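Worksheet: one structure, shown below.
In what follows, every heavy atom counts, from backbone to side chain, and hydrogens, waters and symmetry copies are set aside. What you see is a predicted model, and the numbers here were worked out from it, not measured in a lab.
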Amino acid sequence: NAGVTQTPKFQVLKTGQSMTLQCAQDMNHNSMYWYRQDPGMGLRLIYYSASEGTTDKGEVPNGYNVSRLNKREFSLRLESAAPSQTSVYFCASSASSGPLHFGNGTRLTVT
Amino acid sequence: QKEVEQDPGPLSVPEGAIVSLNCTYSNSAFQYFMWYRQYSRKGPELLMYTYSSGNKEDGRFTAQVDKSSKYISLFIRDSQPSDSATYLCAMGSNFGNEKLTFGTGTRLTIIP
């Protein structure tokens, strides 16, 4: 009964370091998403993948890249982390016209 | 002005009370509306989904949409301590989740 699994749960980076956030879903969903959640800002879409092999920018894509590795997995990469990327990152998946199912988040701090 | 406005709270009410959570929006193209519940250190989970104006009931929860006033509400009856969470409204203009706009969330505490 895993649903959407995100790793790691917590991460601290120094400015300029890179890292990849991993996400996997076991619900056979076509669509996957990466959001960030900041106080007073709500959830904002970074990138999404409507189906395996496709990715598109969301509202706040700058400083991020994504890879839809296969139907199950969708990773988010920070090539050169900045303090402004300190946030909680959520991965989500959905059937084509169904509701979003979220993971439990990765809490990232960039110093 | 944000497309979706939601009072961040915090809101504290005694156990058993009726809770009213609200969002207003400015985009008249929004056609479907959702409420998500988010426990501390967890991801949001879908509570209610409505497509039209009017009320939708599910157990102790009622979602209300007034498109003419651009106002949506979530009512919780017989509130329980387990209802303590942050409640996010979300809305969209078509059936693509990439177009969803979220409110900032209202933090609710039910006092035993």
Side-chain angles (χ1 to χ4, degrees), chain A residues 1-10 21 23-25 27 29-51 54-61 66 68 74 87-107, chain B residues 1-10 21-27 30-52 56 58 61 63 72 74 85-108:
Chain A
N1 197 22
V4 178
T5 303
Q6 292 184 237
T7 56
K9 289 185 171 57
F10 303 93
L21 282 65
C23 175
Q25 52 93 8
M27 295 173 282
H29 286 160
N30 286 324
S31 302
M32 297 187 73
Y33 311 80
W34 277 105
Y35 287 88
R36 59 179 290 173
Q37 187 175 40
D38 302 289
M41 301 292 290
L43 283 160
R44 292 182 293 167
L45 184 63
I46 303 170
Y47 270 94
Y48 68 98
S49 170
S51 62
T54 69
T55 60
D56 284 289
K57 294 178 181 179
E59 182 186 352
V60 288
V66 291
R68 183 75 183 267
F74 189 37
S87 187
V88 182
Y89 291 86
F90 287 100
C91 177
S93 69
S94 72
S96 298
S97 60
L100 291 168
H101 296 259
F102 287 88
N104 284 327
T106 294
R107 282 151 185 81
Chain B
Q1 184 192 3
K2 293 180 183 176
E3 271 192 311
V4 177
E5 298 278 359
Q6 185 174 10
D7 187 336
L21 304 167
N22 311 295
C23 288
T24 59
Y25 62 96
S26 58
N27 188 346
F30 287 147
Q31 294 295 322
Y32 63 104
F33 307 88
M34 283 160 278
W35 286 95
Y36 282 84
R37 178 176 62 196
Q38 185 176 19
Y39 290 116
S40 181
R41 304 282 183 174
K42 298 292 187 183
E45 55 178 337
L46 183 69
L47 260 186
M48 299 284 285
Y49 176 104
T50 56
Y51 182 68
S52 58
K56 181 177 181 180
D58 184 1
F61 298 91
I72 69 170
L74 178 70
T86 296
Y87 290 79
L88 309 170
C89 63
M91 45 198 82
S93 57
N94 59 36
F95 285 107
N97 283 319
E98 66 274 13
K99 304 296 185 186
L100 280 181
T101 300
F102 284 85
T104 53
T106 299
R107 189 171 176 181
L108 172 68

Hey, is CE on M41(A) packed in by over 12 heavy atoms from elsewhere, all under 6.0 Å?
no
With H101(A), which residues qualify under side chain to side chain donor-acceptor pair (under 3.5 Å), at least two apart?
none
Turns out that what part of Q6(B) lies under 4.5 Å from chain A's heavy atoms comes down to neither
Under 4.5 Å from any heavy atom of chain B, what part of R44(A) do you find: side chain, backbone, both or neither?
neither
Please report the interatomic distance CG(L100(B)) to OH(Y33(A)), rounded to the nearest 0.5 Å.
8.0 Å
Under 3.5 Å, side-chain donor or acceptor atoms of residues 3-10 of chain A against the rest of the protein: list the pairs with distances, not counting sequence neighbours.
{"unit_1": "Q6(A)", "atom_1": "OE1", "unit_2": "C91(A)", "atom_2": "N", "d": "3.0"}
{"unit_1": "Q6(A)", "atom_1": "OE1", "unit_2": "G105(A)", "atom_2": "N", "d": "3.1"}
{"unit_1": "Q6(A)", "atom_1": "NE2", "unit_2": "Y89(A)", "atom_2": "O", "d": "3.0"}

Evaluate whether atom CZ of R107(A) has more than 12 neighbouring non-hydrogen atoms of other residues, nucleotides or ligands under 6.0 angstrom away.
yes
Can you see which heavy atom on P99(A) is nearest to which on L46(B), and at what distance?
CB-CD2, 3.3 Å
Sort L45(A) into side chain, backbone, both or neither according to what part of it lies under 4.5 angstrom from a heavy atom of chain B.
side chain
Heavy-atom check, side chain of Y36(B) versus side chain of L100(A), under 4.5 Å
yes
Less than 4.5 Å apart, side chain to side chain, heavy atoms only: is that true for L43(A) and Q38(B)?
no
Less than 4.5 Å to any heavy atom of chain A: does that hold for the side chain of P44(B), its backbone, both, or neither?
both
Heavy-atom cut-off 4.5 Å, strictly under: side chain, backbone, both or neither for K99(B) against chain A?
neither
